[in-house]
Amino acid sequence: MWASLWKRVFGIDLRTLALFRVMLAITCITEVFLLWPNLFAFFDDHGIFMRKDAVIQSSPYAWSLYYIDGSVGWAYLLFCLTLLAGIALLFGYRTRLAIVICWVLSVSLTNRISIFSSGAHMLLPLLLFWAMFLPLGARFSVDAALSDAPKGDNSYVSAGTFAALLQMGILYLFSALLKTGASWHDAANAIYYVTNTPEMSTPLGAYLGQWLKLTQWLTRYVYHLEFIAPIFLFSPIRTACCRLAILPFLFTLHLGFALFISIGFFPLVCISGLVIFIPGLVWDKLLLWYNARKTRAGITLYYDKDCGFCRKSCLIFRELGLPPETAIIPAQSRPDIYAIMQRENSWVVEDGSGHHRTRWDAVAWCWRRSPLLWPLGIIFLLPFMKPVGDLAYGFIARNREKFGRMTARLLPECHRPLAFKPYLLTEIAALYLIGMVAMCNINSLPGQVLERVCSPLFPLLSTLKLTQNMKFFAPTPRHATRWVVIEGHLANGNVVDMFHNVPEAPSHDIPKNGYDAYPSHYWYKFFNRVNFNRWQSVLGSYYCQAWSDNHPGMPAKEAVFSVYEQVTPDLPATKPNPVKLVTSFTYDCNTKSVKENPK
C-alpha cells in the first residue's frame with residue numbers, strides 16, 4: 001500500500017522526464033540569447049559590472065567559471081559552451097554529462113550577474129540540480145536510440161523525483177505564505193500596483209491596470225491558486241486527475257505573468273518545472289491517438305547496411321519522433337529500394353501509402369512527425385532550407401565512411417538501461433538536501449524558528465546554489481516607479497539620450513511601460529539595486545565609452561545622470577503623486593571626474 005502511494009504521488013513518467021529535459025534545454029538556450037546583447041556590459045571588467053563587484057555582491061561561498069577571466073572573449077566561450085550543452089540536452093545526447101555541464105554553467109552565470117539576477121536565476125539552477133538525479137535521457141533521446149536494453153515500465157520513482165516534485169511544491173506554497181502584506185489580503189490591490197508600476201508592466205498590463213475591481217479579483221485568484229496548488233499536486237487520492245485539474249490554471253497563470261508583467265524569462269522556468277507533474281495517462285492517450293494517424297502508420301526507414309552511421313541515424317530518427325513500430329531495414333534487402341538509394345545516394349523513407357522520400361526532404365518529413373521536435377520539421381521545410389539542406393546532406397552522403405568512424409566514438413551503442421537504478425548514496429544525498437531546503441524555507445517565514453538549524457547549512461546550500469528566496473512580490477509589491485535619464489552633452493552643444501544610445505534629447509517624463517523604461521529586465525534589476533553614490537564613476541565611464549563607440553563622429557563632453565521615482569497612486573484616475581529626484585550627478589567624459597548636482 002505505502003509503496004503504491006509513494007509511486008503514485010512521487011513517481012514521474014519517463015516520457016514526462018523527456019519533456020522536462022526539452023524544456024530545461026530551451027530555457028538554458030533562451031537565457032543565453034537574452035543575455036547575449038549585454039555580454040560586454042555585464043561580463044567584461046571594462047563594462048558596468050566587474051568581477052570584483054560580483055564577488056562583493058555574492059555570497060562568500062559563491063563560485064563561478066566567469067571569475068577565471070574578466071574579458072568578453074571568455075564570456076563568449078562560456079556562452080557557446082552553454083549553447084552546446086543545451087543542444088545536447090535538448091536531443092538527449094550524453095544526457096547526464098549535458099545536465100551537469102548546464103548546471104555548472106547556470107550556477108556560474110547566476111553568481112556572475114548577482115546584481116541583475118531574478119527569480120528565474122534562482123529557480124533554474126535548482127531545477128537543473130534536481131534533474132541531475134533523474135534519468136532524463138531514458139525516452140525520446142539520442143541515448144535511448146543507441147541503447148539496446150529493454151525499455152521496461154515508463155513509471156519511475158526515486159528520491160530524485162521526490163526532491164524535484166517537492167521543490168515545485170515549495171515554490172508555490174512559500175510564495176503564498178510570504179505574501180503577508182495588506183495588498184494581498186485586505187485591500188487586494190497587489191496586481192493593481194504591479195500593473196500600474198510602468199517599469200514592471202507591459203502594454204497589456206498597463207491596460208489591465210485601469211480596472212481596479214478586475215485586478216482585485218486577480219489578486220485574490222493568484223494568492224489562493226498558489227496556496228491550494230500543492231494540495232492538488234500532491235493529493236494522495238486520484239493523484240493524476242487532481243494534477244490534470246490544477247495544471248491548466250498554473251500554466252495559464254504563468255502565461256498571464258508573461259503577457260502582463262515584465263519579469264524576464266521567469267514564466268518559462270516555472271512552466272519548465274511544472275511539466276514534471278504531467279501524469280503518464282496523458283502520454284498513453286496522446287501517443288495512442290498521435291501514432292494512430294494515417295501519416296504515421298506503416299513508416300519504414302531504409303539504410304545502407306555497410307554504413308553504421310546510417311543505421312544509427314535511423315535509430316535516432318525513430319526514437320526522437322517516429323512511432324516505436326517504425327521498421328528500420330537495410331536497403332539491400334529490397335532491389336527496388338536499393339536502386340533508389342544508389343540513384344539518389346541517399347537513405348529512403350517509405351510512408352504507409354508506399355510513397356518514397358530521399359535526401360533532405362526525407363529528413364524534414366520525419367522531423368515533422370515528432371511530437372516533441374516538430375518545429376524543426378517546419379523550419380526544415382522552408383523554401384530557403386531545401387538547397388542548404390540538400391547541400392549538407394550531399395556532403396554527409398559522400399563522406400559516410402568518415403562519419404561512420406567518427407560516430408563509432410561519439411555515438412557508441414550501449415547496453416545499460418537508461419532508467420537507471422539510483423545508488424543508495426545519491427538517494428540519501430537527495431533526501432538530505434531537499435529536507436534541508438524545506439527547513440530553510442520554513443525558516444524564511446516570520447519568526448525564523450529554525451535559525452539555529454539553517455545557519456550552519458548555509459555554506460553547503462550556497463555552494464550548491466540551493467539557497468532560496470520565494471518572496472515574489474512579497475510581502476507586498478513595490479509601490480513606486482524608478483526610471484533613469486542620461487543626458488549626453490556633446491561638444492557641439494547638442495543634447496542626446498545616452499541611456500538609449502540615440503542622438504535625440506531624452507524625455508524626463510515617467511515611462512509608459514517596462515519596455516520603455518529599461519532596455520531589458522536585467523537593467524531594471526540593476527538600476528533598482530545599485531548604490532548610485534558608489535557606482536557614479538563606473539556608470540559615467542561606461543555610458544561615455546558606449547556613446548563614443550557607437551557615435552565616433554559625435555564626441556560627448558559630459559553625461560548628466562538623473563534618477564527619478566514616483567509612488568503609484570492608490571486608486572485609478574487619481575491625481576499622480578509628485579516625482580522625486582532620487583539622485584543627480586554629472587560625469588565629465590574627458591577628465592573622468594564626477595560632480596554632484598543639486599536636487
Side-chain angles (χ1 to χ4, degrees), residues 6 9-12 17 20 24 27 58-63 99-100 102-104 106-111 114 117-134 136 157-180 226-227 229-231 233-234 250 266 269-277 422-472 474:
W6 166 260
V9 177
F10 296 109
I12 304 177
L17 287 179
F20 181 46
L24 285 179
T27 305
S58 300
S59 155
Y61 306 98
W63 52 271
I99 195 68
V100 170
C102 284
W103 175 75
V104 169
S106 180
V107 172
S108 296
L109 188 148
T110 300
N111 287 333
S114 53
S117 63
S118 61
H121 298 98
M122 175 200 70
L123 185 57
L124 180 57
L126 289 172
L127 295 179
L128 290 170
F129 180 82
W130 300 121
M132 290 191 291
F133 293 88
L134 304 173
L136 301 187
V157 64
S158 69
T161 61
F162 171 79
L165 292 167
L166 189 60
Q167 179 65 74
M168 291 304 297
I170 287 171
L171 171 71
Y172 291 103
L173 177 61
F174 285 89
S175 177
L177 290 174
L178 290 168
K179 289 180 170 65
T180 56
E226 289 181 342
F227 211 98
I231 299 174
L233 293 175
F234 296 98
L250 293 173
F266 180 70
V269 183
C270 291
I271 291 173
S272 299
L274 277 175
V275 299
I276 58 176
F277 289 97
Y423 295 108
L424 178 61
L425 185 60
T426 58
E427 293 285 272
I428 294 172
L431 291 173
Y432 172 76
L433 290 171
I434 193 62
M436 298 304 101
V437 163
M439 284 196 295
C440 290
N441 273 284
I442 293 172
N443 189 61
S444 68
L445 298 174
Q448 296 183 331
V449 294
L450 297 176
E451 182 66 26
R452 291 185 178 181
V453 177
C454 292
S455 292
L457 296 171
F458 179 77
L460 173 62
L461 297 182
S462 182
T463 301
L464 297 176
K465 206 58 183 174
L466 295 179
T467 50
Q468 303 176 21
N469 181 0
M470 301 302 179
K471 292 183 178 180
F472 306 119

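Sequential numbering from 1 along the given sequence is applied to the chain's residues.
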Participant: Taking Ser58 for its side chain and Asn111 for its backbone only, find out whether a donor-acceptor pair lies under 3.5 Å.
Facilitator: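 Yes, Ser58 side chain to Asn111 backbone: donor-acceptor pair under 3.5 Å.
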Participant: For residues Ile12 and Ile276, report the shortest heavy-atom separation together with the two atoms involved.
Facilitator: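 Where Ile12 meets Ile276 most closely, the heavy atoms are CG2-O, 3.7 Å.
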Participant: When you measure from the side chain of Thr161 to the backbone N and O of Phe10, does any donor-acceptor pair fall under 3.5 Å?
Facilitator: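 Looks like yes, one N/O pair under 3.5 Å.
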Participant: For the residue pair Leu127 and Met168, establish whether any side-chain heavy-atom pair is separated by less than 4.5 Å.
Facilitator: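 A side-chain contact under 4.5 Å exists here.
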Participant: Could you check whether any side-chain heavy atom of Val9 comes within less than 4.5 Å of a side-chain heavy atom of Phe162, counting everything from C-beta outward?
Facilitator: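 No, side chains not in contact.
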Participant: Would you indicate whether the side-chain heavy atoms of Phe174 and Leu445 approach each other to under 4.5 Å?
Facilitator: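 Answer yes - side chains close enough.
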Participant: Work out which heavy atom in Glu427 is nearest to a heavy atom in Ser158; give both atom names and the distance.
Facilitator: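 What the structure gives for the nearest pair is OE2-CB, 3.6 Å.
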Participant: Work out which heavy atom in Gly160 is nearest to a heavy atom in Ala430; give both atom names and the distance.
Facilitator: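 Where Gly160 meets Ala430 most closely, the heavy atoms are N-CB, 4.4 Å.
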Participant: At what distance, to the nearest 0.5 angstrom, does CG of Leu24 lie from SG of Cys102?
Facilitator: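 These two atoms lie 8.5 Å from each other.
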Participant: Any chance you could measure Cys454, atom SG, to Ile442, atom CD1, to the nearest 0.5 Å?
Facilitator: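 Those atoms lie 8.5 Å apart.
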Participant: Can you check whether Phe277 and Phe234 have ring centres sitting under 6.0 Å from each other?
Facilitator: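 Between Phe234 and Phe277, which both carry aromatic rings, the centre distance is below 6.0 Å.
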Participant: Using every non-hydrogen atom in the two residues, find where Leu177 and Phe227 come nearest and quote the distance to one decimal.
Facilitator: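 For Leu177 and Phe227, the tightest heavy-atom pair comes out as CD2-CE1, 3.6 Å.
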Participant: Once rounded to the nearest 0.5 Å, what's the spacing between atom CG of Leu457 and atom OH of Tyr432?
Facilitator: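 Leu457 CG to Tyr432 OH: 5.0 Å, rounded to 0.5 Å.
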Participant: Would you call the rings of Phe129 and Trp103 parallel, tilted or perpendicular, taking 30° and 60° as the class edges?
Facilitator: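 The arrangement is tilted - the two ring planes meet at 30° to 60°.
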Participant: Could you walk me through whether Thr467 and Ser59 satisfy the side-chain contact (heavy atoms from CB on, under 4.5 Å) test, starting with their C-alpha distance in whole Å, then the side-chain angles of each, then the deciding distance to 0.1 Å, before giving a yes or no?
Facilitator: CA-CA 10 Å; Thr467 50; Ser59 155; over 6 Å; no
Participant: With rounding to the nearest 0.5 Å, note down the distance linking CG in Leu433 to CD in Gln167.
Facilitator: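 Spacing of CG (Leu433) from CD (Gln167) equals 11.0 Å.
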Participant: Just so I know, are the side chains of Leu171 and Cys270 near enough to count as touching, which here means a heavy-atom distance under 4.5 Å?
Facilitator: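 Yes, at least one pair of side-chain atoms sits under 4.5 Å.
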Participant: From Lys471 NZ over to Ser444 OG, what is the distance, rounded to the nearest 0.5 angstrom?
Facilitator: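 Answer rounded to 0.5 Å: 7.0 Å.
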Participant: As an exercise, state the distance from CG of Leu233 to CG of Leu165, rounded to the nearest 0.5 Å.
Facilitator: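 Separation between the atoms: 8.5 Å.
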Participant: Using modelled atom types and a 3.5 Å cut-off, is there a donor and acceptor pairing between side-chain atoms of Asn441 and backbone atoms of Val437?
Facilitator: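 Confirmed, Asn441 side chain pairs with Val437 backbone.
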Participant: Within the side chain of Lys465, is there an N or O that forms a donor-acceptor pair under 3.5 Å with the backbone of Ala62?
Facilitator: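 Flag not set: sc Lys465 to bb Ala62 has no pair under 3.5 Å.
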Participant: If you define the side chain from C-beta out and look only at heavy atoms, does anything of His121 sit under 4.5 Å from Leu109?
Facilitator: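 Side-chain contact under 4.5 Å: yes.
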Participant: Parallel, tilted or perpendicular, judged at 30° and 60°: which one describes the rings of Tyr61 and Phe458?
Facilitator: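 Correct class here is perpendicular.
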Participant: Search all heavy atoms of Met122 against all heavy atoms of Gln468 and return the closest pair with its distance.
Facilitator: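 Looking at all heavy atoms of both residues, the closest pair is SD-CA, 3.8 Å.
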Participant: Under 3.5 Å, is there a donor-acceptor pair between the side chain of Ser117 and the main chain of Ser114?
Facilitator: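 Flag set: sc Ser117 to bb Ser114 pair under 3.5 Å.
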Participant: Using a 4.5 Å cut-off on heavy atoms from C-beta on, say whether the side chain of Tyr172 contacts that of Ile231.
Facilitator: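 Answer no - side chains too far apart.
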Participant: For Ala159 and Leu431, which heavy atoms make the closest approach, and how far apart are they?
Facilitator: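 Nearest heavy atoms, Ala159 then Leu431: CB-CG, 3.6 Å.
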Participant: Before giving the answer on side-chain contact (heavy atoms from CB on, under 4.5 Å), spell out for Leu134 and Phe20 the whole-Å C-alpha distance, their side-chain angles and the decisive distance to 0.1 Å.
Facilitator: CA-CA 10 Å; Leu134 304 173; Phe20 181 46; 4.2 Å; yes
